[in-house]
Amino acid sequence: MSFTLHGLAVSSGIAIGRAHLVSHATLEVAHYKVREKAVPTEIERFETAVATVRTELEALRGEASLPGSPSELAAFVDIHAMILDDPLLSELPKDLIRERRCNAEWALVQQMELLVEQFEEIEDSYLRERKHDVVQVVERVLKALMGKARKVAKRGKDEDLIVVAHDLSPADTIQFKTLKIGGFVTDLGGATSHTAIVARSLAIPAVVGLHHARPLVREDDLVIVDGTRGVLIVEPDPRVLEEYRLRKSELELERSKLKRLKTARSATLDGEEVALYANIELPQDIEQVKEVGADGIGLFRTEFLFMNRADLPDENEQYEAYKAVAKAMAGRPVTIRTLDIGGDKNAGALAGTERQAPNPALGLRAIRYCLAEPQIFLTQLRAILRASHYGKIRLLIPMLAHASEIEQTLAMIEQAKAQLRETRHKFDENIKIGGMIEIPAAALALGPFVKRLQFLSLGTNDLIQYTLAIDRTDEAVAHLYDPLHPAILRLISQTIAAGARMDVPVAVCGEMAGDPTLTRLLIGMGLRQFSMHPSLILEVKQQVVMADAEQLTTKVGRLLRLDEPDKLREQVERLNA
Ligand code: PEP
Ligand code: MG
């Protein structure tokens, strides 16, 4: 019987294939007594399973360090290896088997539950969330115990393999690369989960948050994953299947045609140049940036250098990372954003200095945190400044709202420069300093920004979160997250216009910049600098080269006077028609 499930679209594209079910650790495990004589064999069975998983993780660790592997994965595999070696999981189940004469699966799940309970009591949300990693590690051991090593199902020539899971770890997701997985769907997960991030960087269609896919779908069912619309279609009827096959091949054709745009000039039909920059998280991402011929880096989210590790990167480690990017971009602009920690982004090594904020998104985040921790900030500033000797680095400051914050930041940059002069380090004395406009107060009172800073970058992800008062990570209010809300469009267009009047360049580096359905709207608002995930650059370029900037300016000017959301939406759609 055919049915459709709706979830969150996290990685676009279409995959059609056979479902392969991946179990979850909380699956019911049998509980049975083993005879006294059989206890050593049961313990041996347990030890063999742990050893098998250790070997699996070592192999994954090897894959994670190969070029092109998503950069965060090595760290996740390390976390799983650490959990596996925790005596609570690798030793105590053996005591239970001995004392209670129970089977290994049951002993392991008892220990897992104890450990998960302990994690649930941890205040630090990053550490608390690691309970999912515990579950995932136990799941691996259970599979080894039950002899259910993951098998790749048989499939037809033109069929992809679609993984259907309750939840997936990033370490599981990396295997998809070598197994040639066509797509995946999960019941849990939000659009910002690490699994979703990995899916996007691997360019595999994926839908998460489907709630009931795992219990409803059967092994080998024919399924369609529409990662653009967030839909899973199970056992589609022949007409739907045909339509999706057609769309899939059209998409593939479009994608290969897009590659031709790599070297094309990024300019509108009437000759307006539009710079297309890339957003990166780690230096390794540069490879992908080069593949699409980006004009530079518009946003280097440096906080990722601080995550998934027990210590802080020191000045030299940071300097090497920033220098590597500057050199690789060979004179093209590299916009390095200073540490934007806090909110939903936590770094374990900063946990001691981070307070448990009652409302993290409104708390000591980003520049607020850096100004409260001057030594951490100065270390980063010195590292960025030193790297500026090797390329065209620009400094970008996140979450500014007050003129006093800009002034304090500029004073700290001067202090870092003075320290470097004293130690005779070379740096670019004229490094450009810019600010993110992502708090409505900043967009509404731009005076201090355009006077004191040399460029601005609109962080629309946070601008939307703070203007519409919705937590961008909360699935329950995701339907209210609306880039086309008249208030948002007004704030963006006012910022672009103020920048143009004062001759201060303005870019957009939030997700809106990478949405090809909004390219024309933003061009019509006067935007000439876009920054987005590298995989989106060519699609946006395609929109740029077909746009007429002058016509769009007139149309968008009219559209911005509308304050009825439906009419506004209709007019935006017309721009793309
Ligand atoms: C934004 O807020 O739009 C942005 C680009 O920064 P981040 O997503 O890292 O908060
Ligand atoms: Mg932001």
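Order of listing sets the numbers, starting from 1, for every ligand and every atom in it.
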Discussion item. Once rounded to the nearest 0.5 Å, what's the spacing between atom CG of Leu381 and atom CD of Gln415?
Written reply: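 Atom-to-atom, Leu381:CG and Gln415:CD are 9.5 Å apart.
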Fill in: From CD (Glu438) to CG (Asp462), nearest 0.5 Å
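Glu438 CD to Asp462 CG: 4.5 Å, rounded to 0.5 Å.
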Discussion item. Using a 4.0 Å heavy-atom cut-off, which part of Leu458 comes near ligand 1: side chain, backbone, both, or neither?
Written reply: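 It is neither; nothing of Leu458 touches ligand 1.
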Discussion item. Is the contact between Arg301 and ligand 1 made by the side chain, the backbone, both, or neither, using heavy atoms and a 4.0 Å cut-off?
Written reply: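 The answer is the side chain.
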List the atom pairs, donor and acceptor, that lie under 3.5 Å between side-chain atoms in residues 389-407 and the rest of the protein, sequence neighbours left out.
{"unit_1": "Tyr390", "atom_1": "OH", "unit_2": "Tyr319", "atom_2": "OH", "d": "3.3"}
{"unit_1": "Arg394", "atom_1": "NE", "unit_2": "Thr335", "atom_2": "OG1", "d": "3.3"}
{"unit_1": "Arg394", "atom_1": "NH2", "unit_2": "Thr335", "atom_2": "OG1", "d": "3.4"}
{"unit_1": "Glu405", "atom_1": "OE1", "unit_2": "Ala401", "atom_2": "N", "d": "2.8"}
{"unit_1": "Glu405", "atom_1": "OE1", "unit_2": "His402", "atom_2": "N", "d": "3.1"}
{"unit_1": "Glu407", "atom_1": "OE2", "unit_2": "Arg452", "atom_2": "NE", "d": "2.5"}
{"unit_1": "Glu407", "atom_1": "OE2", "unit_2": "Arg452", "atom_2": "NH2", "d": "2.7"}

Using a 4.0 Å cut-off to any heavy atom of [X], which atoms of ligand 1 qualify?
X	answer
Gly459	1 (C), 2 (O), 3 (O)
Cys509	5 (C)
Leu299	5 (C)
Glu438	1 (C), 2 (O)

Practice prompt. May I ask you to test the Thr460-Pro483 pair for a side-chain heavy-atom distance under 4.5 Å?
Written response: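 No. Closest side-chain heavy atoms not under 4.5 Å.
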Worksheet item: Can a non-hydrogen atom of Arg337 be found less than 4.0 Å from any atom of ligand 1?
Response: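 Contact present.
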Discussion item. Measuring from non-hydrogen atoms of Arg365 to any atom of ligand 1, is the shortest distance under 4.0 Å?
Written reply: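 Flag set, Arg365 near ligand 1.
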Discussion item. Can you check which of Leu463, Asp462, Ile437 brings a heavy atom nearest to atom 2 (O) of ligand 1?
Written reply: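 Going through Leu463, Asp462, Ile437 one by one, Asp462 has the nearest heavy atom to atom 2 (O) of ligand 1.
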Discussion item. Among the N, O or S atoms of Asp462, which one sits nearest to the Mg ion (ligand 2)?
Written reply: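 The atom in question is OD2.
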Item to complete: Could you check which N/O/S atom of Glu438 is closest to the Mg ion (ligand 2)?
Response: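 It is OE1 of Glu438.
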Could you go through residues 492-507 and list every donor-acceptor pair under 3.5 Å that involves a side-chain atom there, pairing it with any protein atom two or more places apart or in another chain?
{"unit_1": "Ser493", "atom_1": "OG", "unit_2": "Leu489", "atom_2": "O", "d": "3.3"}
{"unit_1": "Ser493", "atom_1": "OG", "unit_2": "Arg490", "atom_2": "O", "d": "3.3"}
{"unit_1": "Thr495", "atom_1": "OG1", "unit_2": "Leu491", "atom_2": "O", "d": "2.7"}

Fill in: Asp515 side-chain N/O to Met512 backbone N/O, donor-acceptor pair under 3.5 Å
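Checking the backbone N and O of Met512 against the side chain of Asp515, no donor-acceptor pair under 3.5 Å is found.
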Discussion item. The Mg ion (ligand 2) and Asp340: any N/O/S contact shorter than 2.8 Å?
Written reply: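 False for Asp340.
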Worksheet item: Going by distance alone, is a donor N or O of one side chain under 3.5 Å from an acceptor N or O of the other, for Tyr322 and Gln318?
Response: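 A pair is found: one side chain offers a donor N or O, the other an acceptor, under 3.5 Å apart.
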Discussion item. Would you say CZ of Arg574 has more than 12 non-hydrogen atoms from neighbouring residues, nucleotides or ligands within 6.0 angstrom?
Written reply: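 No, CZ of Arg574 has 12 or fewer neighbouring heavy atoms, counting only those of other groups under 6.0 Å.
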